[in-house]
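Here's the structure, in structure tokens; my notes come after.
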Amino acid sequence: MGDQVTDAGWWSDAVGYEVYLRSFADSDGDGIGDLPGLISRLDHLADLGVDIVWVTPFYPSPMADFGYDVADHTGVDPRFGTIDDLDRLVAAVHERDMRLLIDLVPNHTSDQHEWFRSALADPASPYRDFYIWRDGAPDGGPPNNWRSHFGGPAWTLDEASGQWWCHLFLPEQPDLNWANPDVRAAFEDIITHWLARGVDGFRIDVAHSLVKHPSFADNPVLVEVGPDASAGEAFGAMRHDHDLDQPGTLDVYRDWHRLAREHDAVLLGEVYLDSAEAVGAYVADGVLDLSFFFPVLHTTWDAEVLRHVVTATLTHGRGRFAWVHSSHDDPRAPTRFGGGDRGRRRALSFLAFTAFLPGPLFLYQGDELGLVDGEVDPAAASDPVAVRNTNPDGGRDPVRTPMPWSPDAPNLGFSTGTPWLPMPANHTAADTVDAQREDPGSTLHAVRRLLRTRRERRPGTDPVELLAEGPAEVLGYRSGDVLVVLNAGDRTVTVPLPGPVELAFSNGTVDVGSGRAVLEPDAVAVMEVTT
Ligand code: NOJ
């Protein structure tokens, strides 16, 4: 179904892996993951079957938002390493036949970026117009009712000039003014710089909100919320008619697309919009190559919800929405699907279900281990969303706890020092890479087998036909000779088969016999139709 794109590039059926650098592997004992640590663990990714390593920001940063507040777009923060380490990373990734994606953060900079420092110090500075400044409302309040994703108004007053700067995230993350051609030119230089240095593409942060409506009008309020509302509730209480997904945004990416093509590089957007149709526009020909579609990583274990996100992805993604199950911002799939062994089993089954559909498949560090969200003591909270709000929504610390590598080493092998976020008590020796490597029944072995099967079957080249018949709690599709069936219900189901099949991968108890497959709850079967 859907009109899948067939003339895609090297990324079209790749396996990506998100490295949240700060929490991946610490080489120098300062408790913070770094580039040398990542290099030392690349063989784990190569063994797993990863094609694309996406590394989160390593740029110099005051770390108000852990690196998504960039103070210098072409440097490396000393906590993460040096520019030589970055060059070594590019080479080490390429030596293993993988490609490197880096994060590009174009919606905002750090308030410590030299552009903003100059803009704040001197309203006559050429950099003043790199940012968005407005006079306050007649009552002395902010210029409009826009909210920050992270809580509070999207505006902060610069007392010296009497104007307010716009920030859809923290006040320390002032939004850039994409109506200014000099900002566009500056980012084209940044992109060119990194492509020349050998990176293979960019994950584009907040790709849906660079351009703001020139009227700067209030957003329509959907529900009135009180001062106790969480940041997420307050942000969701308005229709984002003027601050998100504005006309003109795609023109920025059309220019970048031309640059990327000159280097055979890929552009992957963080297009955080709920409508698949709206996200689909970002991956039209000549715009971005790929996008994440976030409703996939917000699903609960409900057949209707899963069916909906799969259908929307096939219809509007056309092979250009990257499948994603967990991230450094969202609850991990095993936790969303109920936690414990059951949540883990379901997460692996849904991963396998999506693995043979068109589009790249991204794992987040720990997905290959079946990691659930870490338990973080509120006293150790670090995420600004948790620290700066009285009603914090939980924050993102639980999905950012350090990666567990070895059962016997201090801090499960993440660091010899004190980890910046404590190792959670609910991640144990059995969750580590080394322990799972020794256990043929582990999630790690299953994911490696799954990715090998996927590579052999090459998804995305045949049209996908969703199975319409069978019990409502069963999701299934056929693509060429590959037939995949998932039982998202609470009872064992029997699914009729079109003919003889061989079982290529399964999770949970599956019995494939003549003319039918029997699947226990939460099980998946990947089959090859043999006639
Ligand atoms: C999305 C990033 O993934 C998130 O971690 C960050 O806080 C925001 N964008 C702001 O840059």
Side-chain angles (χ1 to χ4, degrees), residues 16-24 33 54-71 73 77 80 101-113 116 131 146-152 154 166-176 178 187 190 202-210 212 230-232 235 240 243-245 249 268-274 279 282 288 290-294 296-298 322 324-332 362 364-365 373 381-389 392-401 420-421:
Y17 186 100
E18 180 192 352
V19 170
Y20 189 67
L21 186 59
R22 210 178 159 78
S23 299
F24 195 62
W54 154 33
V55 60
T56 54
F58 47 75
Y59 311 109
S61 165
M63 305 289 168
D65 188 21
F66 296 117
Y68 283 96
D69 47 326
V70 177
H73 292 93
D77 192 285
F80 293 136
L101 227 67
I102 64 173
D103 237 295
L104 186 71
V105 188
N107 180 68
H108 44 264
T109 68
S110 161
D111 64 345
Q112 297 306 308
H113 195 293
F116 190 74
Y131 297 89
W146 296 3
R147 306 279 310 179
S148 151
H149 284 273
F150 288 171
C166 178
H167 51 86
L168 292 187
F169 294 88
L170 298 175
E172 295 90 334
Q173 292 169 295
D175 277 36
L176 285 160
W178 281 87
F187 268 83
I190 293 163
F202 302 91
R203 174 268 190 188
I204 301 156
D205 191 60
V206 199
H208 54 292
S209 64
L210 271 46
K212 314 302 190 271
S230 71
F235 196 82
H240 292 273
D243 53 345
L244 306 184
D245 194 26
T249 309
L268 163 63
E270 186 210 21
V271 184
Y272 214 107
L273 300 170
D274 286 338
V279 179
Y282 286 72
L288 298 178
L290 297 172
S291 174
F292 292 125
F293 178 50
F294 285 85
V296 176
L297 65 66
H298 297 152
V324 64
H325 297 261
S326 307
S327 84
H328 68 285
D329 291 329
D330 303 277
R332 290 177 175 276
F362 271 73
Y364 174 50
Q365 64 192 47
D373 289 359
S382 293
D383 177 16
V385 177
V387 175
R388 300 191 187 194
N389 288 292
D393 259 351
R396 299 167 294 178
D397 292 319
V399 300
R400 298 175 172 185
T401 55
W420 71 279
L421 199 56

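Both counts, for ligands and for their atoms, begin at 1 and track the order of listing. Keep in mind it's a predicted model, so treat the numbers as computed, not measured. Sequence positions, counted from 1, serve as the residue numbers for this chain.
Closest heavy-atom approach to atom 3 (O) of ligand 1 among the candidates Asp329, Asp103, Asp330: Asp329.
Within ligand 1, counting atoms from 1 as listed, the ones closer than 4.0 Å to a heavy atom of Phe150 are 7 (O). Heavy-atom proximity to Arg400, at under 4.0 Å, picks out these atoms of ligand 1: 5 (O). Residue Asp65 has at least one heavy-atom neighbour below 4.0 Å for each of these atoms of ligand 1: 6 (C), 7 (O), 8 (C), 10 (C), 11 (O). Taking a cut-off of under 4.0 Å to the non-hydrogen atoms of Arg396, the atoms of ligand 1 that pass are 4 (C), 5 (O), 6 (C), 7 (O). Remark: ligand 1 atoms within the under-4.0 Å shell around heavy atoms of His108 are 10 (C), 11 (O). Under a 4.0 Å criterion applied to the non-hydrogen atoms of Glu270, ligand 1 contributes the atoms 1 (C), 3 (O), 9 (N). Below 4.0 Å from some heavy atom of Val206 lie the following atoms of ligand 1, by number and element: 9 (N). Atom numbering of ligand 1 starts at 1 in the shown order; those under 4.0 Å from a heavy atom of Phe169 are 8 (C), 10 (C).
Asp205 OD1, 2.9 Å is the protein heavy atom nearest to atom 1 (C) of ligand 1.
For the residue pair Asp397 and Ser382, no side-chain donor N or O sits within less than 3.5 Å of a side-chain acceptor on the partner. With hydrogens and angles left out, the side-chain atoms of Tyr68 and Asp103 include a donor and acceptor closer than 3.5 Å.
A donor-acceptor pair is defined here as one N or O able to donate and one able to accept, closer than 3.5 Å; no such pair exists between the side chain of Ser61 and the backbone of Ala71. For the pair Thr249 (side chain) and His208 (backbone), a donor-acceptor distance under 3.5 Å is absent. Side chain of Thr56 to backbone of Val19: a donor-acceptor contact under 3.5 angstrom is found. In terms of modelled atom types and a separation under 3.5 Å, the side chain of Ser23 and the main chain of Arg400 share a donor-acceptor contact.
By the criterion of a heavy-atom distance under 4.0 Å, the side chain of His328, and not its backbone, is placed next to ligand 1.
Looking at Leu273 and His240, their side chains never come closer than 4.5 Å, going by heavy atoms from C-beta outward.
A heavy-atom separation below 4.0 Å is not found between Glu18 and ligand 1.
Of the options Glu18, Arg396, Arg22, a side chain to side chain donor-acceptor pair (under 3.5 Å) to His328 is made by Glu18 and by none of the others.
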